[in-house]
A.B. asks: 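Before I ask anything, here is the structure I am working with.
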There are 2 protein chains.
Amino acid sequence: MLQTLSEENYLKAIYHIGKLGNDKVSATAIAEDLGNSPASVVDMLKRLTEKKLIQYDKTKGARLTDQGHKIALLIVRKHRLWEVFLHDKLGYTWDEVHDIAEQLEHIRDYDLPDRLEKFLGFPEYDPHGDPIPKSNGKLPVTKSKPLSEIEVNRKLKITNVSDNSPDFLRYLDKQHVGLNDTITVKEIQGFDKSVLVELKGRKEVYLSAEAAKKIFVE
Amino acid sequence: MLQTLSEENYLKAIYHIGKLGNDKVSATAIAEDLGNSPASVVDMLKRLTEKKLIQYDKTKGARLTDQGHKIALLIVRKHRLWEVFLHDKLGYTWDEVHDIAEQLEHIRDYDLPDRLEKFLGFPEYDPHGDPIPKSNGKLPVTKSKPLSEIEVNRKLKITNVSDNSPDFLRYLDKQHVGLNDTITVKEIQGFDKSVLVELKGRKEVYLSAEAAKKIFVE
DNA sequence: TTAATAAATTAGGTTAGCCTAATTATTAAT
DNA sequence: ATTAATAATTAGGCTAACCTAATTTATTAA
Ligand SMILES: [Mn+2]
Ligand SMILES: [Mn+2]
Ligand SMILES: [Mn+2]
Ligand SMILES: [Mn+2]
């Protein structure tokens with residue numbers, strides 16, 4: 001029972017939306033995530049249910065079965081391993097790797113993820129700080145929180161970002177905000193919730209509330 | 001004007017069949033190569049003509065336009081670079097790389113082939129001895145001939161094989177016939193055209209006429 | 001040159017994966 | 001509890017890429 005490329009993308013979307021702590025994975029949320037119409041999503045949810053990769057209930061939303069979860073996690077594993085490859089071995093920047101990994105994650109070969117992982121030296125995190133699922137399905141648990149929820153004057157490290165879009169990542173580059181950087185919240189603006197942060201040493205920059213929600217620290 | 005995966009495979013098939021020295025690239029030859037029905041091939045040839053990637057004439061067969069040729073050559077370049085990656089970096093054997101490269105050759109990114117080529121140290125040949133097209137479209141010309149056309153007692157080197165199927169390659173492994181091995185034709189059987197060859201030093205093995213046609217030497 | 005064989009094409013059909021527009025259900029607000 | 005808003009579904013349609021079976025066109029052999 002091999003999955004099509006589209007099916008894999010739906011499973012991954014359901015996995016990701018579920019991870020965001022949403023109480024339910026609704027058809028509209030999936031449609032939004034994939035840029036498809038709700039009608040198309042309903043189509044596909046039927047097919048995935050048929051294949052026993054999800055359970056779907058109009059009001060409770062979609063849930064991955066064990067089998068569906070396993071597949072989704074493998075796609076995520078491949079995606080992140082390929083991102084490391086592109087970044088570490090081919091010198092792509094962190095804003096360039098995601099789109100290519102979207103394609104590479106679908107390459108099908110039983111051995112490839114494990115071989116790639118070994119070749120890369122068993123990396124724990126991808127270029128955006130996201131954890132790479134292990135071969136056995138284990139996923140390092142991170143207890144990082146969004147910068148938007150941090151109180152003033154705490155010194156923290158940027159662990160990961162939850163938006164991999166080139167626009168956002170290049171915005172961070174421009175602000176000299178990078179993974180593993182040490183950061184201190186100096187001020188939170190009342191009127192727009194923007195955050196004034198101090199970057200290692202001297203530089204201070206304002207980050208919008210939207211940006212702060214996507215930057216995770218620990 | 002991006003190509004679909006299927007269109008890319010058709011262009012590659014037309015390129016390969018053309019390379020075999022066939023006077024024409026017929027619809028049936030393409031159907032044979034891709035494992036599709038002739039009816040499907042006719043469908044696709046219309047679409048490729050529409051897109052100006054080929055010219056097609058019922059009696060003269062299919063010919064790649066400049067644009068079509070450029071695309072086909074890029075696919076071949078990507079295919080062979082990925083084969084080198086899988087072989088040299090991930091430790092796959094030469095009978096394992098082709099199927100995975102069939103998938104990887106379709107990964108789309110402007111920079112990827114060049115970066116991969118650099119990372120691999122600008123290899124000239126893939127694990128089957130086939131030349132890797134350069135970025136500028138140049139392709140090293142090899143003047144190797146099939147072992148089936150070699151006269152007795154000439155000492156030669158195996159440069160490449162024209163069949164990448166796991167079955168054939170594992171057969172060669174079993175016979176201890178490998179790329180770059182030195183080989184001497186000791187005898188050609190009259191009744192079945194099988195070839196008795198001496199492998200570096202002492203070992204002698206019989207290779208069938210079919211096998212000899214697929215082994216190229218120089 | 002005609003007949004036989006092989007190649008190409010046409011006709012008609014299927015499936016996956018998308019779409020828009022209309023409708024029905026559910027949830028939230030008044 | 002109605003009403004309004006939002007979510008989900010249905011109906012109907014489209015395209016790419018395949019198929020089989022029937023037919024037409026070319027090629028080869030007699
Ligand atoms: Mn990514
Ligand atoms: Mn990532
Ligand atoms: Mn190959
Ligand atoms: Mn090869």
Side-chain angles (χ1 to χ4, degrees), chain A residues 1-14 16-18 20 22-64 68 71-72 75 102-103 105-106 108, chain B residues 1-14 16-18 20 22-64 68 71-72 75 102-103 105-106 108:
Chain A
M1 282 295 108
L2 286 202
Q3 297 71 33
T4 65
L5 188 143
S6 248
E7 286 168 351
E8 291 188 343
N9 283 331
Y10 273 87
L11 292 176
K12 186 163 58 106
I14 293 167
H16 277 137
I17 296 165
L20 297 181
N22 298 298
D23 46 332
K24 71 176 235 187
V25 181
S26 66
T28 36
I30 298 168
E32 170 73 13
D33 186 285
L34 294 174
N36 291 342
S37 75
S40 302
V41 172
V42 169
D43 258 17
M44 181 60 95
L45 292 182
K46 270 175 204 153
R47 255 174 283 156
L48 292 174
T49 302
E50 193 62 40
K51 288 195 172 191
K52 300 197 195 303
L53 298 176
I54 64 164
Q55 288 180 280
Y56 179 60
D57 176 292
K58 179 173 15 195
T59 56
K60 291 197 288 176
R63 258 182 61 81
L64 296 168
I71 294 165
I75 303 290
E102 283 292 311
Q103 302 174 61
E105 72 191 7
H106 301 288
R108 211 180 283 278
Chain B
M1 283 297 105
L2 287 201
Q3 297 70 45
T4 65
L5 188 142
S6 247
E7 285 169 352
E8 291 188 344
N9 283 332
Y10 273 87
L11 293 175
K12 186 162 60 102
I14 293 167
H16 278 138
I17 296 165
L20 297 182
N22 299 297
D23 46 331
K24 73 175 235 189
V25 180
S26 66
T28 36
I30 297 168
E32 170 74 13
D33 185 286
L34 293 174
N36 292 342
S37 74
S40 302
V41 172
V42 170
D43 257 18
M44 182 59 95
L45 292 182
K46 270 177 202 152
R47 256 174 283 155
L48 292 174
T49 303
E50 193 61 39
K51 288 196 173 191
K52 298 197 196 305
L53 298 176
I54 63 165
Q55 288 180 282
Y56 178 60
D57 177 293
K58 178 169 24 191
T59 56
K60 290 197 287 177
R63 257 180 61 80
L64 295 168
I71 293 166
I75 304 290
E102 283 293 310
Q103 302 173 60
E105 72 190 5
H106 301 288
R108 212 180 283 280

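Every heavy atom of this structure was used, including side-chain atoms; hydrogens, water molecules and symmetry mates were not. The sequence lines fix the lettering, A, B, ..., with proteins before strands; numbering per chain opens at 1.
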A.B. asks: Side chain of B:Ser40 only, please: which of C:dT26, D:dC19, D:dT9 is the nearest?
C.D. replies: D:dC19

A.B. asks: So, is B:Tyr10 near the phosphate of D:dA16, with a side-chain N or O under 4.0 Å from OP1 or OP2?
C.D. replies: no

A.B. asks: Between D:dA17 and B:Thr4, is there an OP1 or OP2 to side-chain N/O distance shorter than 4.0 Å?
C.D. replies: yes

A.B. asks: Within the 4.0 Å heavy-atom criterion, would you say B:Gly35 contacts the bases, only the backbone, or no part of the nucleic acid?
C.D. replies: sugar-phosphate

A.B. asks: Quickly work out the B:Leu53 CG to D:dA16 C1' distance and round it to whole Å.
C.D. replies: 16 Å

A.B. asks: Looking for any heavy atom pair under 4.0 Å, which part of the strands does B:Ser6 touch: base, sugar-phosphate only, or nothing?
C.D. replies: sugar-phosphate

A.B. asks: What nucleotide among D:dA8, C:dA8, C:dA16 has an atom nearest to a side-chain atom of A:Ala27?
C.D. replies: D:dA8

A.B. asks: Would you indicate which nucleotide in C:dA7, D:dA8, C:dC19 comes nearest to any side-chain atom of B:Lys24?
C.D. replies: C:dA7

A.B. asks: Roughly, in whole Å, what's the span from NZ in A:Lys51 to P in C:dA16?
C.D. replies: 8 Å

A.B. asks: OP1 or OP2 of C:dA25 versus the side-chain N and O atoms of A:Lys58: is any pair under 4.0 Å?
C.D. replies: no

A.B. asks: For D:dA30, give its Watson-Crick or G-U wobble partner with both distances under 3.5 Å, or none.
C.D. replies: C:dT1

A.B. asks: Ignoring backbone atoms, establish whether A:Thr28 has a side-chain N or O less than 4.0 Å from OP1 or OP2 of D:dT6.
C.D. replies: no

A.B. asks: Would you compute the distance between atom CD1 of A:Ile54 and atom CD of A:Glu7 and round it to the nearest 0.5 angstrom?
C.D. replies: 10.5 Å

A.B. asks: Would you mind reading off the distance between B:Glu50 atom CD and D:dT15 atom P, rounded to a whole angstrom?
C.D. replies: 14 Å

A.B. asks: Please check the phosphate of C:dT10 (OP1 and OP2 only) for any side-chain N or O of B:Lys46 closer than 4.0 Å.
C.D. replies: yes

A.B. asks: Looking at B:Lys60, I want to see if its NZ is surrounded by more than 12 non-hydrogen atoms of other residues, nucleotides or ligands under 6.0 Å.
C.D. replies: no

A.B. asks: Report the nucleotide, chosen from C:dT9, D:dA8, D:dC18, that has the shortest atom-to-atom distance to any side-chain atom of B:Met44.
C.D. replies: D:dC18

A.B. asks: The side chain of A:Ser26 is closest to which nucleotide in this list: C:dC19, D:dA8, D:dC19?
C.D. replies: D:dA8

A.B. asks: Let me confirm one number: the NZ-CG distance from B:Lys51 to B:Leu2, rounded to the nearest 0.5 Å.
C.D. replies: 8.0 Å

A.B. asks: Taking atom C1' of C:dG17 as reference, at what distance in whole Å does atom CG of A:Leu34 sit?
C.D. replies: 12 Å

A.B. asks: Could you tell me whether B:Asn36 contacts a base, only the sugar-phosphate backbone, or nothing, with contacts defined as non-hydrogen atoms closer than 4.0 Å?
C.D. replies: sugar-phosphate

A.B. asks: A:Asn9 CG to C:dA16 C1': how many Å, rounded?
C.D. replies: 14 Å

A.B. asks: Tell me which one of B:His106, B:Gln3, B:Glu102 satisfies side chain to side chain donor-acceptor pair (under 3.5 Å) with B:Asn9.
C.D. replies: B:His106

A.B. asks: What does B:Ser37 touch in the nucleic acid at a heavy-atom separation under 4.0 angstrom: a base, only the sugar-phosphate, or nothing?
C.D. replies: base

A.B. asks: Roughly how many Å is it from CG in B:Asp23 to P in C:dA7, rounded to a whole number?
C.D. replies: 12 Å

A.B. asks: Within this structure, what is the CD1-CG distance for the pair A:Ile14 and A:Leu64, rounded to the nearest 0.5 Å?
C.D. replies: 5.5 Å

A.B. asks: Do A:Ser6 and A:Thr4 have side-chain N/O donor and acceptor atoms under 3.5 Å apart?
C.D. replies: no

A.B. asks: What's the CD-P distance between A:Glu7 and C:dC18, to the nearest Å?
C.D. replies: 10 Å

A.B. asks: Quick one: A:Ile30 CD1 to C:dG17 C1', roughly how many Å, whole number?
C.D. replies: 15 Å

A.B. asks: Any side-chain N or O of A:Arg47 less than 4.0 Å from the OP1 or OP2 oxygen of C:dA16?
C.D. replies: no

